[in-house]
Engineer: 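First, the structure itself, so that you have it in front of you.
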Amino acid sequence: MLPILIPFLMAILSIINWGNRVLHRFLALAGSVGLLFAALALLTTVNEQGILSSNIGDWPAPFGIVLVADLPAAIMILMAAIVGLAVLVYATASMDKGRERFGYYPLILLLLMGMCGAFLTGDLFNLYVWFEIMLIASFALLALGGSRAQLEGSVKYFALNLLVSAFMLTGIGLLYGMTGSLNLAALAQTLRAAGPEQPVTTVAIFFMIAFGIKAAMFPLYFWLPASYHTPPVAVSAIFAGLLTKVGVFALIRVFTLLFVQDTAWTHGLLLAGAALTMLSGVLGAMAFDDIRRIFAFHIISQIAYMVLGLALFVPMALAGTIFYMVHHILVIVSLFLVSGLIARAGGSYFKAQLGGLYGTRPLLALLFLVPALSLSGVPPLSGFWAKLTLLRVTLAQELWLVAAIALLVGLLTLFSMVRIWLSAFWGPPGPAAASVTPMRAGERRALYGSTLALVTLTLALSLFAGPAFELAERASEQLLDPAGYIAAVLGEGS
Amino acid sequence: MTLIEGLTALLLLTGAFFMLMGAVGIVRMPDLFMRMSATTKSATLGVSFMMLAVALHFNDLAIGARALATILFVFLTAPIAAHMIARAGYLRGVSLWQGTISDELQGRYDMETGELESGTPAMAPPQGEPED
Amino acid sequence: MLNAVLAAFVLAFAAPLVARHMPRQVGTIAALLPAGIFVWLLNQAEMALGPGVVERWPWSPLPGVALTFRLDGLSLLMALIISGVGALILFYAGAYMHGQAQAGRLYALLLAFMASMLGLVLADNLIALFVFWELTSITSFLLIGWHFQEERSRAAALQALIVTGGGGLALLAGFVLIGLVGGTWEIAELSAQAGTLQDSVVYLPILLLLWLGAASKSAQFPFHFWLPGAMVAPTPVSAYLHSATMVKAGVYLLARLSPALGGTSEWSLLFMVTGLVTLLLGGWLSLKQNDMKRMLAYSTVSSLGLLVTLLGLGTKLATEAAALYLLAHALFKGALFMVAGAIDHATGTRDLRRLRGLAGALPTSALAAGLAGLSMAGLPLLAGFAAKEFIYEAALFSGGGVWILTLLLLAGNVAFVVVAQQMTLRIFAGASLSFESFHAPAIPLWLAALVPGALGLALGLLPDVTATLAGAAARAIYGAPVTIHLFVLPGSVTPMLLLSALTIAAGILLYRRRVQLEPWLNWLDQGARLGPEGAFQRLVEGLPHFAARVTALQQNGRLRSYVLWIVGTWLLLLGLTWALRGGPGLPANLLVRLSDLRFHELILVLVILAGLASVMLANTLMTLIVSLGVVGIGTAIVFILFGAPDLAMTQFSIETLGVILFVLVLYRLPGVVRLSPRRTVLRDSILTGLAGAVITLMILIITDLPLVSPLKTWFAGASEPLGHGHNVVNVILVDFRAIDTLGEITVLGIAAIGIFALLKLRPGRKVAEGKDGP
Amino acid sequence: MTSIILVVATRLIFPLMLMFSLFLLLRGHDAPGGGFVGGLMAASAFALFALATSVTRARDALRRSTFRLIGIGLLFAFVSGLPGLFAGSPFLRALWTSTELPVIGKLSSVLLFDTGVLLVVVGVTLTIVFAMAEADEEEEE
Amino acid sequence: MNWLLVHVLLALVWAALSGELTPINVAGGFVVGFLVLLLARRAMGSQRYVTRVPRVLRFALYFVVMLVQANLRVTLEVLTPNYKARPAIVAVPLDIRDEVAITTLANLITLTPGTLSLDVSSDRRVLYVHAMFVTDVEAFRLEIKDGLEQRVQDVFT
Amino acid sequence: MTLHDLALYLVLPLLGIALLLALWRLLRGPRTPDRVVALDLMVTLGLGTIAGYAIATDQAALLDVALVLALISFLGTTAFAYYLQRRPEA
Amino acid sequence: MEVALAIVIGALYAAGLYMMLRRSMVKLIAGLVLLGYASNLLIFVVSRLTRARPPLVPEGAQGIAEPFADPVPQALILTAIVIGFGLQAFALVLVRRAYQAVNNDDLDQVTASDRPDLQQ
Ligand code: NA
Ligand code: NA
């Protein structure tokens, strides 16, 4: 419960004291530090004691709303906390006064709160509510400051994400009409007992579309590359790292807990979607010159790997997916933060306008290289272990084409990253460099410090991939054993 | 059917009838102002009758109070709303039916300041009705 | 062994620091580490040559992946080459790079590379091996692009990375398959699984994947082109990575996996054909190069082809030959590269046509080149001689297609003789030319080259040492005990000796007549360029264009097209599901169910539908808004009719406020224009009509099923006694499901912030402190 | 261009709406209504006031910044969940006092919650309406 | 004085809405009314309110009768095929000056079928009325002044 | 015929027809104020429907909706009118 | 009534999506609003309809006698309506601002942020 309450309280206090930038900053940092501690505590507890559940309002499940912390949720909350803190620190040195005054900090806090809620909730409709909190907070953040490109991106982001809400609500309605319940655990039970006359798989398609849009799968992802590059880095980084992951997480939740009647079909669809998404995303990345857009498209193609793990639907693959999520969150946020640093150091986000940073900014080069290579799946970085796991299962299931695509996309990702490297870090100094102003020491500390911290975490994840993967494996076991979840929510013997 | 029931039925039917008349009026009347004259009032009256029927039917203080309060609210608000629409319509140049015999408001608005002067009446030429 | 690898990595990080503080000594200091490792390896030699040294570290990122190191004959040989040549190269680089900016980074990268390479040859787990394999690719990439401001360097670096990186991914797939079939990634355990692996249906795929990985890394045809390109790197890099060590990784891998996967006809065919084509192509293309380094690079390609051929052949003799040649080649090629670098450093050119008679000016380099060249040509007393003898012997006893094989090998070896002459006679002999800015090389520049040259001689003179070293390696490759019998000079005239002599004679002849060869060498070169390299170039350049076109097709900037994709996908998935997995049937007794419709309800339905039609046909903004209002009010009346006063109340209020907002915000917008052509309208109508029909169908199906809602019953019963409220809906909202409501008001709050900011914070508008409060 | 008729009528309707808003809030637990509709009603009152006079005067009448209302409303809702939390129960555990007060009925955390809802709704609606109206006036210039 | 009246009115409405005219509810209504008035104070300013209840009641009766009469007349017009209406916009000069009185008058005119208050001149001396059945403009002006305006004036003084 | 039946089978259909008529005006226009008047009438008809339906079904709770509707819809119409008079002629 | 409303809801979805497929920003919002109505009504209808029996516990009673309308979908829809209101308000302002920025209501002109061939 605390991961929701802490950012919430800080946001409330910020809203009450509207316009006080310094206080907002302080509250946001305090909130995210608090969130980090709460997340760590939660993960430790869940790891030791198993799935925790809390009946909000003390109303028994499945009647009241229940928050359920299993390992996947706890892991994701921890990631949200880490990213939140890093991005907020980064923001203190990069956010403009206007956005700071107009609610950047409370919006980020509320976004984090929405995510934590979405990870924790054990109720389908409540999930919708958390989704909406995230959604509206992200709308506000996206549109904040409103340049033309930003507004244009926002319109698309908005319209297509509202389709998510519509599909989701429809799906929830149909499920309730079929089963009379909203509690995930109760639904899991009911749907497993559903007869053939119940159109369960059809309803599953509604959720597949809804969360597929959210997770930015092919061909539902168009909102993402239209919008993610338009806001400031301290906004897009948090979007890039966490928002689509919530979609993936939701996909995982419903397609492990609820819709497992016809996995050959539903998960087969997910598999095909994943393969197409990988290709489509990586090709998109190659079409652009703006580094942020390139990264945005890579989110899409990387998301597909996570969905692939779900589609393969064995413990090892799901463990891979969870590991992949953790890895990708760290890496993509680092990259977005680095893109900000690149723009700060080179004067532009466009690789054609950049050059020679390898010579002048060795630390920045390193900060780019590590996550970029990790994203591409170069060993021994975290991305490699994540891809290897999925590759192993894909090949074990004799899905040759999918494996080939996964590998090819890995290569193309590397190609794409190297193109940035060649253009921005190598090559002669770019024309945009002239407009660069020197950085103040405090700025440097906050900007580089937060980025460095995330890159270090990536390295740590690479190095301690073993323990991390074990945790992911335990998390995936929880996902594939709904009985444990049901027992935790509805009590033993149900 | 008791007397109360009969009265209730009468009120209900009268109310519904007035409301229907309001609707017929809005269809039949030739210009905005006549439509409003024909509808706003009969509908208001119709609602009032129906609410009275409700009060009578339930014969309960709380419910009666609600019904009467509804009437009160309607009587308070309907004329103001009507006034606002009519004025807006006039200001936007909604044309009067050709049978209108005089328009003493014409030319009295100062469109810059929004002031409305009080002066001597003038005659308005009738106009056709343009579409929006 | 981990310590050695880690130490190199650590020193790599420290190198820039050392370089900053001791720019002069940094090369020597850096060289101390590989030298130390070299000595340590020699210390371990006895164990390594016997049972082997095994180290296990408790680090396992994934199940089945382990940090196991094994020092056996093969890895010892490779590790000695890596650390030995590494020490020399660093020593050499200290002088070569002296005074250059960011030299520290070069040491760092070289050390990091060395660490990776050591890891590669020592690792006993396929995945661990792969980790180091890729690390060598990355370090190689950074080193090839050393002159990063030059387009040429960047292109070459990219080429090398993509070719080896792509091969690496194929290799990974191969490894994973091996692991799946063999049940382990431990190399030592895989030999025992040879039968399982070779009988598996994926054996051929595994081989092909392995081929992709090894061939790309070791610059085999058709991936050979990246290696000459890589010569844009500084010479120490070329000498170390691109001749002595990294390019041998592919060969090493084949050798390493030979016991588990080799010995089949598929294996032989695949690798021998590849090797021979590469041997000839590289060798003969080396003949037409004017740049010393490019010539050496093509020659290296050729040598690698030779090694691959031998490993493909896979006989006992062939493995012996391979081991010997591996050793000899590292020494003479490393030396020749360093000589080339020294000449470049001294004269400012690497163009063979501009170099002559350097013996006087660079006597020590000439000596080094001479020793290396003789070894390369395969003259007696030198390490290269023994290797060549064994190569021919292996060919002659290969047991099939002997003459063709021998002839092809001969043709390849002739080219080496020519290159050896180019690197010695052509540039050092004759009258000396004068160079504008000639400066004598620093000691390391010739000393580092002389040492391997001399070692080639020493090994030739110490056949026992050579035999032991190579024999142990060959044993690891062959998978059975191997003993090599070596000699300083042949005791009798053997067919192999005759072949060697023939090789040298032909080489000398060819060297003299090289000008006549030009036309058809040019033709070969053209073909090689247009073939694989051209294809690669076209791919790299065309890919972004292709990507842009594919992307523009989807990401066309039109929101409606995105919506169409989504709706289309949804309908497609539903259609597929119903077609392939059995869809729900049409619900029965619709008419009966419809008959309970009452008159006022029918009117309500008509009103809503009419409002809807009006919304769709509206051509003014106000009509649109008002029509939306009709639909909203209609919805609210539905709520009234079916027992939801709270909903109706809320809907009415929201509707009113919505209208206010609509009017407030939109009244400045232009009227509603119709922009779509008739065909689009028709398409959209059909599609959305289908969508609507699907929804209707779903509702009808589901409402036809029985529903027992436990929630409904429970809430109705609990509301008063437990929730202290008579309005169950409200009790649910503020108590049973209060957190939903909490979320809902949070959404509202955020919306307010967002709207406020949207309206008040605009680009270009100054934000005044304290004046923008709401 | 204000209308005297509207201005004068507003003086009467405004308090009526406010009272009705409170009524909806307090009776919401037992009859249709509740914090949300109550909030909309109160907000409508102020919106009407702004329409009849001006946004500035409406803000003046509200006396609090709309964001503060939102914040305080959220805080109410938040705080209403805490007692349970401190008592060792989960968040949002409803607490009821046993004594029945006139008008309000039993005091409870639930009422606090619903009041929070009302305040948020008022704050939000008015933030939006006021900001839009002001933006509009600005563009008019 | 007027404040108190509004206060009492609010309290009574409250109690009625609550369902029981118990003293507790009336007291509660007073409390709520007080709160509301506190909130509404700035909005309302100091205003004069209706003070004479009997006149109000008499007036209300008159008005209801008029309302029904006029409604029937309009209904007839609506139902008959041809338009017999002779509409006009008439400027009615006002004698009453009180804002509340003017508003009341205007609203009552609007509530009466067939007539519709359009606007009050900025100096509050003229009320512009649209009427459906005007045979003679002057006569109509007098009708309003002697009828409704007179009675409203009675109530308000 | 009971009162319930009367309300259900006579009063509500009457109101329904009225609703359709109002709808016709709303769709027909021709000017926006006409539509607003029509919408206003529809809301009032909604009030009547509530009253009729309350009697037909004996559900007094619906009256609360009527109260809200009566107060709130006025605001909508007023806002409409307010902005209509400000909008420049299209 | 379920059948009739099912058709109405289908029509609402169809119309909502149709409006979203238009090029006008205003129509886009209308589409979103319609989809909101549609999903709310869907939840309402699919949870089964009960005429005129709101889920109110009678005075003095502890529970409600069947038949009565299911309160759960009502609570859900209430939440959804409110959330939808927030989103709708935001959408309106967003569109207005986008219109000001692009100076066009045509969504086909709102392409600068995502086409690869139109990089700024
Ligand atoms: Na560039
Ligand atoms: Na409520």
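Note on naming: letters A, B, ... go to the chains in the order of the sequence lines (proteins, then strands), and numbering restarts at 1 for each one.
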Engineer: How far apart are the closest heavy atoms of L711(C) and G180(A), and which atoms are they?
Structural biologist: CG-O, 3.6 Å

Engineer: Is there a side-chain contact between M698(C) and V203(A) (heavy atoms, below 4.5 Å)?
Structural biologist: yes

Engineer: At a 4.5 Å cut-off on heavy atoms, which part of P63(C) comes close to chain A: side chain, backbone, both, or neither?
Structural biologist: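 Both parts, backbone and side chain.
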
Engineer: Taking G165(C), A752(C), A751(C), G168(C) one by one, which has the highest count of heavy-atom pairs under 4.5 Å against chain A?
Structural biologist: A751(C)

Engineer: Can you run down the side chain to side chain donor-acceptor pair (under 3.5 Å) pairs that involve residues 137-146 of chain A, sequence neighbours left out, and say none if there aren't any?
Structural biologist: S138(A)-Y157(A)

Engineer: Please report the C-alpha distance between V202(C) and W400(A) in whole Å, then the side-chain angles of each, then the deciding distance to 0.1 Å, and finally whether the side chain to side chain contact (heavy atoms under 4.5 Å, CB included) criterion is met.
Structural biologist: CA-CA 11 Å; V202(C) 288; W400(A) 311 126; 3.9 Å; yes

Engineer: Between G743(C), G754(C), A155(C), who has the most heavy-atom pairs with chain A when the cutoff is under 4.5 Å?
Structural biologist: G743(C)

Engineer: Between D735(C) and W59(A), is any pair of side-chain heavy atoms under 4.5 Å apart?
Structural biologist: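 Result yes, sub-4.5 Å side-chain heavy-atom pair found.
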
Engineer: Supply the atom-to-atom distance L761(C) CG to L144(A) CG, rounded to the nearest 0.5 angstrom.
Structural biologist: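 Answer rounded to 0.5 Å: 5.5 Å.
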
Engineer: So, do F141(C) and W426(A) have ring centers that fall under 6.0 Å from each other?
Structural biologist: yes

Engineer: Would you mind reporting whether L62(C) and F323(A) have side-chain heavy atoms less than 4.5 Å apart?
Structural biologist: no

Engineer: I'd like to know if the side chain of Q555(C) and the backbone of F222(A) have a donor-acceptor N/O pair within less than 3.5 Å.
Structural biologist: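 At least one qualifying donor-acceptor pair exists.
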
Engineer: Which distance, rounded to the nearest 0.5 Å, do you find between the CG of L180(C) and the CG of L395(A)?
Structural biologist: 6.5 Å

Engineer: Please classify the contact of E398(A) with chain C as side chain, backbone, both or neither, using a heavy-atom distance under 4.5 Å.
Structural biologist: neither

Engineer: So, does Q102(C) use its side chain to make a donor-acceptor pair with the main chain of G359(A) at under 3.5 Å?
Structural biologist: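 At least one qualifying donor-acceptor pair exists.
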
Engineer: Report the distance from atom CG of L543(C) to atom CG of L412(A), rounding to the nearest 0.5 Å.
Structural biologist: 5.5 Å

Engineer: Heavy atoms, side chains only, cut-off 4.5 Å: are L559(C) and L160(A) in contact?
Structural biologist: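 In short, these two side chains touch, coming nearer than 4.5 Å.
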
Engineer: Please report the interatomic distance CZ(R392(A)) to CZ(F175(C)), rounded to the nearest 0.5 Å.
Structural biologist: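 Answer rounded to 0.5 Å: 14.5 Å.
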
Engineer: Of all the heavy-atom pairs spanning R154(C) and G427(A), show the shortest one and how long it is.
Structural biologist: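 Closest approach of R154(C) to G427(A): NH1-CA, 2.9 Å.
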
Engineer: Using a cut-off of under 4.5 Å for heavy-atom pairs, which of V181(C), I755(C), I127(C), I732(C) has the most such pairs with chain A?
Structural biologist: I127(C)

Engineer: Under 4.5 Å, counting heavy-atom pairs only, tell me which of F8(A), F167(A), F464(A) racks up the most with chain C.
Structural biologist: F167(A)

Engineer: Do F148(C) and F425(A) have ring centres separated by under 6.0 Å?
Structural biologist: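 Distance test on ring centres: not under 6.0 Å, no.
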
Engineer: Given side chains that start at C-beta, do those of P544(C) and R419(A) come closer than 4.5 Å, heavy atoms only?
Structural biologist: yes

Engineer: In terms of heavy-atom pairs under 4.5 Å with chain A, which of L161(C), V747(C), L742(C), L748(C) leads?
Structural biologist: V747(C)

Engineer: Return the minimal non-hydrogen interatomic distance between L707(C) and G177(A), and the atom names on each side.
Structural biologist: CD1-O, 3.6 Å

Engineer: Taking all heavy atoms of P199(A) and all of I702(C), pick out the closest pair and write down the distance.
Structural biologist: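 In this case the closest contact between P199(A) and I702(C) is CG-CG1, 4.2 Å.
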
Engineer: Out of curiosity, I566(C) CD1 to L163(A) CG, how far, rounded to the nearest 0.5 Å?
Structural biologist: 5.5 Å

Engineer: Parallel, tilted or perpendicular, judged at 30° and 60°: which one describes the rings of W714(C) and F63(A)?
Structural biologist: parallel

Engineer: Please rank V567(C), I699(C), I695(C), L177(C) by heavy-atom pairs under 4.5 Å with chain A and give me the top one.
Structural biologist: L177(C)

Engineer: Please list, chain by chain and in numerical order, all residues satisfying ring pair (Phe, Tyr, Trp, His ring centres under 6.0 Å) with Y104(A), sequence neighbours excluded.
Structural biologist: none

Engineer: With a 4.5 Å cut-off on heavy-atom pairs, point out which of G145(A), G57(A), G410(A), A11(A) contacts chain C the most.
Structural biologist: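 Going by pairs under 4.5 Å, I would pick G145(A).
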
Engineer: Any heavy-atom pair between the side chains of Y128(A) and D740(C) that's under 4.5 Å?
Structural biologist: no

Engineer: Side chains of M113(A) and T746(C), heavy atoms from C-beta outward: is any pair under 4.5 Å?
Structural biologist: yes

Engineer: Among the options E134(C), R581(C), E744(C), pick out the one with the most heavy-atom pairs lying under 4.5 Å from chain A.
Structural biologist: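 Looking at each option in turn, the highest pair count goes to R581(C).
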
Engineer: Is the backbone N or O of G557(C) less than 3.5 Å from a side-chain atom of K156(A), with the two atoms forming a donor-acceptor pair by type?
Structural biologist: yes

Engineer: What's the spacing between L388(A) CG and L172(C) CG if we round to 0.5 Å?
Structural biologist: 5.5 Å

Engineer: With I739(C) as reference, evaluate V129(A), N126(A), V66(A), T121(A) under the side-chain contact (heavy atoms from CB on, under 4.5 Å) test and give the passing residue.
Structural biologist: N126(A)

Engineer: If I compare all heavy atoms of M208(A) with all of L573(C), which pair ends up nearest, and what's the gap?
Structural biologist: SD-CD1, 4.0 Å

Engineer: Looking at T179(A) and P710(C), what are the two nearest heavy atoms and their distance?
Structural biologist: O-CD, 4.4 Å

Engineer: Measure the shortest side-chain to side-chain distance between W265(A) and L576(C) over non-hydrogen atoms and say whether it is less than 4.5 angstrom.
Structural biologist: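 When only atoms from C-beta onward are counted, L576(C) and W265(A) do touch, with a gap below 4.5 Å.
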
Engineer: Dump the intermediate steps for side chain to side chain contact (heavy atoms under 4.5 Å, CB included) on T551(C) and F297(A), then the final yes or no.
Structural biologist: CA-CA 10 Å; T551(C) 306; F297(A) 268 102; 3.9 Å; yes

Engineer: Taking side chain as everything from C-beta outward and backbone as N, CA, C, O, which of these in A403(A) sits under 4.5 Å from a heavy atom of chain C? Side chain, backbone, both or neither.
Structural biologist: neither

